[in-house]
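Okay, so here's the structure we're looking at.
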Amino acid sequence: MMSNHCVYLGLGSNLGNREENILRAVKKIHELIGTVECQSALFDTEPWGFSSENRFLNAVVRVNTTLSPRQLLDTTKKIEKSLGRKKKSQTKNGRAVYHDRIIDIDILLYDDITVDEPDLKIPHPLMYERDFVMIPLQELLDRE
């Protein structure tokens with residue numbers, strides 16, 4: 001029997017119709033990952049880690065899923081690509097290089113487990129440094 005897992009996903013968009021991009025991502029998450037139980041308010045924020053004239057819209061969703069962490073990562077990448085994301089952030093000289101993006105989906109939390117693999121780290125290692133993640137995440141945690 002497959003068990004259900006509580007996951008928190010961070011969403012961000014700074015290209016095109018940002019609100020529509022977030023809504024389309026939430027719809028795809030509901031279709032391909034699991035039941036979207038709740039969504040934070042949308043937060044309009046400055047880019048983090050790179051310079052851009054385009055501000056971000058960010059949100060966090062809580063999802064009930066039967067997917068494993070690896071399946072979840074693969075599915076979020078598939079959703080990003082289907083919505084027009086060209087490439088994920090690369091690492092150069094040991095530092096992440098960020099770009100403008102139509103949609104970004106980050107796995108923040110998966111139940112209370114820790115995953116430490118080269119391409120999958122849960123909890124998200126930078127989330128505590130990012131107000132655009134922590135404020136909407138805290139909004140959802142306060143509802144529990």
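None of the values given here were measured: they were computed from a predicted structure.
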To the nearest 0.5 Å, how far apart are [atom1] in [X] and [atom2] in [Y]?
| X | Y | atom1 | atom2 | result |
| --- | --- | --- | --- | --- |
| Arg62 | Glu139 | CZ | CD | 11.5 Å |
| Met134 | Leu108 | CE | CG | 8.5 Å |
| Leu9 | Ile107 | CG | CD1 | 6.5 Å |
| Asn58 | Leu137 | CG | CG | 12.5 Å |
| Asn21 | Asp104 | CG | CG | 12.0 Å |

Verify same cluster id: [X], [Y] (apolar side-chain graph, 4.5 Å):
| X | Y | value |
| --- | --- | --- |
| Leu73 | Leu32 | yes |
| Val36 | Leu83 | yes |
| Trp48 | Phe43 | no |
| Met127 | Leu141 | yes |

Keeping the roles fixed (side chain from [X], backbone from [Y]), state whether a donor-acceptor pair exists under 3.5 Å.
| X | Y | result |
| --- | --- | --- |
| Ser13 | Ile102 | yes |
| Asn14 | Asn54 | yes |
| Gln39 | Ala59 | no |
| Arg101 | Gly12 | no |
| His5 | Asp111 | no |
| Gln71 | Ser68 | yes |
| Thr65 | Ile33 | yes |

Any idea which heavy atoms bring [X] and [Y] closest together, and the distance?
| X | Y | value |
| --- | --- | --- |
| Ile122 | Tyr110 | CG2-N, 3.7 Å |
| Val26 | Val61 | CG2-CG1, 4.0 Å |
| Pro47 | Phe56 | CA-CD1, 3.8 Å |
| Pro123 | Leu109 | CB-CD2, 3.7 Å |
| Ser40 | Leu140 | N-CD2, 3.6 Å |
| Ala25 | Ile103 | CB-CD1, 3.7 Å |

### Message
The criterion is side-chain contact (heavy atoms from CB on, under 4.5 Å); which residues satisfy it with Glu117, sequence neighbours excluded?
### Response
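With sequence neighbours excluded, Glu117 shows a side-chain contact (heavy atoms from CB on, under 4.5 Å) to Arg70, Val115, Asp119, Leu120, given in chain and number order.
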### Message
Take a 6.0 Å sphere around NZ of Lys78 and say whether it holds more than 12 heavy atoms from other residues, nucleotides or ligands.
### Response
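Counting other residues, nucleotides and ligands, NZ of Lys78 stays at 12 neighbours or fewer.
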### Query
Has Glu19 got more than 12 heavy atoms of other residues, nucleotides or ligands less than 6.0 Å from its CD?
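At most 12 heavy atoms, drawn from other residues, nucleotides or ligands, come within 6.0 Å of this atom.
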#### Entry: Other ILVMFWY residues reachable from Leu23 by side-chain steps of under 4.5 Å
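Members besides Leu23: none; it forms no cluster.
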### Message
Please evaluate residues Ile29 and Ile79 with respect to the criterion side chain to side chain contact (heavy atoms under 4.5 Å, CB included), reporting the C-alpha separation (whole Å), side-chain torsions for both, the decisive distance (0.1 Å), and the verdict.
### Response
CA-CA 8 Å; Ile29 289 165; Ile79 291 170; 4.0 Å; yes
